[in-house]
Amino acid sequence: MPDSMRVRFAPSPTGYLHVGGARTALFNWLIARKLGGVFVLRIEDTDRERSTDASTRTILEGMEWLGLTWDEGPFYQADGFGRHKAEAERLLADGKAYRCFCTVEELAAKRGLLGDEYRYDRKCLSVSRDESDSRAAASEPHTIRFHVPEGTTAWDDVVHGETRFDNASIDDFIILRTDGTPIYNMAVVSDDIDMRITHVIRGDDHIANTPKQILLYQALGAPVPAFGHLPMILGPDGKKLSKRHGATAVGDYAQLGVLPEALFNFIAFLGWNPGDEREVMEKDELVQAFSLERINKKGAIFDTEKLFWMNGRYMEKKPAAELLPLVAPLMIEEGLIGEAEVEGRRDWLLHVVDLLKVRARKVEEIRDQSRVF
RNA sequence: GCCCCGUUCGUCUAGUGGCCUAGGACAUAGCCCUCUCAAGGCUAAAACACGGGUUCGAUUCCCGUACGGGGUACCA
């Protein structure tokens with residue numbers, strides 16, 4: 001199984017590459033490297049309203065900066081709309097899904113009435129096959145809903161262990177919109193089948209989607225992959241890390257003078273550890289030590305203090321010649337040196353960087369402390 | 001509301017029934033080293049959410065409670 005392992009990272013291009021997303025990508029990358037698997041990158045741009053090219057570019061840049069190289073892709077989910085739709089229709093033909101003619105207004109009204117207790121009432125499940133076909137033939141707008149079967153859906157989660165949901169708690173969810181585009185769960189399952197993904201490792205905010213997706217795999221007659229749900233990364237207040245916590249994007253940390261290898265190492269230790277007392281570990285050591293079994297279940301607060309400490313350790317280890325290209329622009333910007341000096345006084349600058357790097361926690365601290373020279 | 005997940009020092013965590021007087025790391029305090037500041041070394045303070053079981057013995061297993069998080073969309 002190891003040599004046929006296929007994992008993926010599937011961000012939606014609606015913002016920057018957040019540290020949470022980066023951690024998900026990192027764990028997938030680590031396990032693929034460790035077990036000789038294939039790491040696939042897929043951009044989930046099904047939400048056309050919010051997806052942007054700029055966001056896709058930022059995500060790819062962030063991954064490259066961290067050194068999270070992918071083996072296949074990037075693939076774009078929207079390119080698979082035809083297949084997603086065909087599979088949803090196959091479910092319809094097989095009687096595993098049905099057309100729903102309820103309008104958004106109608107649904108919203110019911111939801112308003114029942115408030116939080118709202119559940120789809122399966123009104124359209126009782127529409128006869130013939131009536132459904134003729135209304136569709138008359139091009140009456142409709143969505144396609146998956147008909148959730150009775151029973152319970154369980155899986156052996158790679159990080160949480162046995163996890164189960166009573167199917168009765170799952171609504172007959174929409175798989176194809178009125179405009180014929182697929183909804184998230186349909187697109188993901190269709191793509192993961194298509195890409196022969198064997199292990200789905202993602203944030204645990206997706207845990208409630210998993211039974212729906214397993215049901216879809218089964219209805220489609222496809223083998224169900226292994227699932228593993230990673231704990232959330234939280235802000236200092238214990239809530240899910242978000243923009244209001246300040247720097248949360250990978251690019252923000254690059255900007256703050258954090259080295260990619262330091263962020264890589266730090267993020268790898270959020271929800272995972274090698275079991276011994278090592279903490280400063282290079283990429284190849286991390287690959288060597290990594291295992292899905294040692295991933296934690298508890299959400300972890302992102303502690304920037306410790307990140308900067310770790311960054312300091314990496315600055316110290318990094319040769320001055322590699323640090324200089326990062327520091328020189330900052331020095332020029334502050335007028336501490338001229339452009340010509342970068343080459344002209346290269347040996348002297350290397351010496352300065354060498355002396356200062358051991359005490360700096362951020363790249364710019366080398367610049368700041370170099371003022372005395 | 002309902003469903004699901006989680007709960008060890010301030011923070012990241014080790015720990016899978018006795019090895020725990022609960023270990024390490026960041027941060028904090030002190031000392032050493034040192035021309036300064038770091039780095040490094042040593043030391044200090046600091047945690048098993050609560051209540052019931054199970055057991056000769058629970059941080060570890062089970063059940064409740066509390067608290068936190070996630071989901072419950074024609075978002076992903």
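From a predicted model like this one, the values you see are computed outputs, not experimental measurements. To find a chain, count down the sequence lines: A is the first, B the second, and so on, and within it residues start at 1.
Residue A:Arg111 places at least one side-chain N or O closer than 4.0 Å to OP1 or OP2 of B:C74.
Taking atom C1' on both nucleotides, B:A22 is separated from B:U13 by 13 Å, rounded to a whole Å. Comparing the P positions of B:A39 and B:G30 gives a spacing of 15 Å, expressed to the nearest Å. When the C1' atom is used for both B:U7 and B:U59, the distance is 12 Å, rounded to whole Å. Rounded to the nearest Å, the gap between the P atom of B:C48 and that of B:U28 is 24 Å.
Between the base of B:A76 and the side chain of A:Asn209 there is a donor-acceptor pair shorter than 3.5 Å. Judged by atom type and distance alone, A:Thr178 reaches the base of B:C74 through a side-chain donor-acceptor pair under 3.5 Å.
Closest approach to the A:Asn273 side chain among B:A76, B:A14, B:C74 is made by B:A14 (side chain taken as heavy atoms from C-beta onward). Nearest to the side-chain atoms of A:Lys212 among the listed nucleotides B:U72, B:G69, B:G10 stands B:U72. Proximity note for A:Arg50 (side chain, C-beta onward) versus B:C75, B:A73, B:G24: the nearest is B:C75. Nearest nucleotide to the side chain of A:Thr163, out of B:C26, B:C4, B:C74: B:C4. In the set B:A73, B:A14, B:C26, the nucleotide with an atom closest to the side chain of A:Asn296 is B:A14. For A:Ala208, whose side chain is taken as the heavy atoms from C-beta onward, the closest listed nucleotide among B:C3, B:A73, B:G71 is B:G71. Distance from the side chain of A:Leu270 is smallest to B:C12 among B:C12, B:A76, B:G23. Comparing B:A76, B:U13, B:C74 by their nearest atom to the side chain of A:Val104 picks out B:C74. Set against B:U13, B:G24, B:A27, the side chain of A:Lys306 has B:G24 as its closest nucleotide.
If you check every strand for non-hydrogen atoms under 4.0 Å, A:Thr46 touches sugar and phosphate atoms only. Across all strands, A:Gly312 comes closer than 4.0 Å to no nucleic acid atom at all (heavy-atom distances).
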